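See structure below.
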Amino acid sequence: MALNKLKFNSLNVTPTAGKTVGFNSDADGLEATFSGGAMTFIKKLTASSSSTLSFVDGSSSVVLDNTYKEYLFIFKDIHPGTNSVFFEFNLSIDSGSNYNVTKTSTAFRAYHAENDSGSALSYITDYDLAQSTSGQVLQSTNLGAGNDECFTGFIHLFNPSSTTFVKHYMAETSISADNDGANHFFTAGYGNTTSAVDAIQFKMNSGNIESGTITLYGIN
Amino acid sequence: MALTKFNYNSFDLTTAASKGLAFNSSANGFETSSAGSMTLIKTLTASSSSTLSFVDGSSSVVLDNTYPVYVFKFINIHGATKHAHFTFNMSTDSGSNYNVTKTTTYFHAANNEGDSATEVAYQTPSDLAQSTDFHRLTNFLNIQNDGSCSGTLTLFNPSSTTFVKHFISTSNSMSYTSDPYSLNPFTAGYGNTTSTVDAIQFKMSSGNIDAGTIKLYGIKDS
């Protein structure tokens, strides 16, 4: 028996690309103005003694192209395999064959020791970059590998697919330091390239990412 | 007159669990749609309130492993007492006690309306070192009719039983009275507990929250 399925034009509403079908504000008709929100989940990577975590456009359902003007990565409970290491990222313009985009960036942080022995706000010259292809560090102090110690935060990457402009990023993180204290780290800068950035890789500067997740969102 | 009801399988697309019905990108067919990654969970509105509390499982609040990241947005928080601080604390016992041990940092940028004083500086009186006290999100609120503070507090994985509970907050306030300042605080830290955090409470360091709104959102990761 042939089934008669309702087609897109069977409803008493004008079809609009990418819009959801909803009830109108009077609940007496349909409308096509109800969308899914401006923040869209794209991909979550979960570390399990991982040497790297990479998001490559077009691979494993990752979108990192001109679909969105802004991408947001959220780090949850990143835990290193070894003590006193640094979490960092780099950009690629060749689908992940090389992570070596030239970057210039700033870095500053606030810290406070658990024993109240010290606190400060200062610029950190060790973790900024000046036309360097090295990884951008995302923390201001060595990560602690104690069982309850971890690292969280987020990085915004703007318009990676542009072939006109450099690629700006802004990151803010909160860290459990290996010397027992709170660190609040900020870095911002740009990949100094007019090529499209189509991949980003995260790793420790030494050892593995023992556990944790990195989730990628697109922002409309 | 008999009514024809359309069911889930009446539409010309493959159904998918927990998805919505949308027009495709060419507007010539149906497709499934996602609800978006940021979900409003609860709005609390202050009205001369001594505290505003979000307790998992109470009053439709979700603050558990449903979401890996929670975002609180506090909007136009207006204090009742001059120069009180807007603060928060965590609970591991469903709100019976708000006293989680915390280590935090706090710095701000400031500029007064008279344009005679600016700074970016660490604020030692506003941080915590292994303290169970409430933590300041901003300082010395102006309580003139138009004075308030607004900002965000992001809480990471409160349901973890393995890791400490990190948070990050940024806000802006109209502070002090005779020559008001724009204060832009940046604070972060962690609840130093491996117990599940299941409630958050906001209050002024002195007096009530006269008015204002706090919204709780969950951020999906799937």
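This structure is a prediction, so every number in the text was calculated from the model and none was measured. A note on names: the letters A, B, ... follow the listed sequences, proteins ahead of strands, and every chain is numbered from 1.
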Report task. Report yes if the distance between the aromatic ring centroids of Phe186(A) and Phe107(B) is under 6.0 Å, otherwise no. Result -> yes
Report task. Provide the closest heavy-atom pair for Phe30(B) versus Leu6(A) in the form atom of the first, atom of the second, distance. Result -> CE1-O, 3.4 Å
Report task. Taking all non-hydrogen atoms of both residues into account, name the closest pair between His166(B) and Thr152(A) and its distance. Result -> CB-OG1, 3.1 Å
Query raised in the report: Are any side-chain N or O atoms of His184(A) and backbone N or O atoms of Thr105(B), one a donor and one an acceptor, separated by less than 3.5 Å?
Result: no
Report task. Answer with side chain, backbone, both or neither: which region of Thr193(B) has an atom nearer than 4.5 Å to a non-hydrogen atom of chain A? Result -> neither
Report task. Give the intermediate values and the outcome of side chain to side chain contact (heavy atoms under 4.5 Å, CB included) for residues Glu172(A) and Thr170(B). Result -> CA-CA 11 Å; Glu172(A) 181 177 2; Thr170(B) 306; 3.9 Å; yes
Query - Asp148(A) vs Asn192(B) side-chain heavy atoms within contact, under 4.5 Å - result: yes
Report summary line: Phe163(B) and Ser211(A) have their tightest heavy-atom pair at CZ-OG, 3.9 Å
Query raised in the report: Of the backbone (N, CA, C, O) and the side chain (C-beta and beyond), which part of Asp127(B) lies under 4.5 Å from a heavy atom of chain A, both, or neither?
Result: both
Query raised in the report: Tell me, do Asn24(B) and Phe8(A) make a side-chain contact under 4.5 Å, heavy atoms counted?
Result: no
**Report entry** Pro68(B) and Thr213(A), any side-chain heavy atoms less than 4.5 Å apart
**Finding:** no
Query raised in the report: Could you state the interatomic distance from CD1 (Ile74(A)) to CD1 (Ile219(B)), rounded to the nearest 0.5 Å?
Result: 6.0 Å
Report summary line: The interface call for Thr162(B) against chain A, heavy-atom contacts under 4.5 Å, is both
Query raised in the report: For Phe185(A), is it the side chain, the backbone, both, or neither that has a heavy atom closer than 4.5 Å to a heavy atom of chain B?
Result: neither
Query - chain A interface, residue from Thr39(B), Leu128(B), Thr194(B), Leu13(B) that has the most non-hydrogen pairs under 4.5 Å - result: Leu128(B)
Query raised in the report: Can you tell me if Tyr190(B) and Glu149(A) form a side-chain donor-acceptor pair at under 3.5 Å?
Result: no
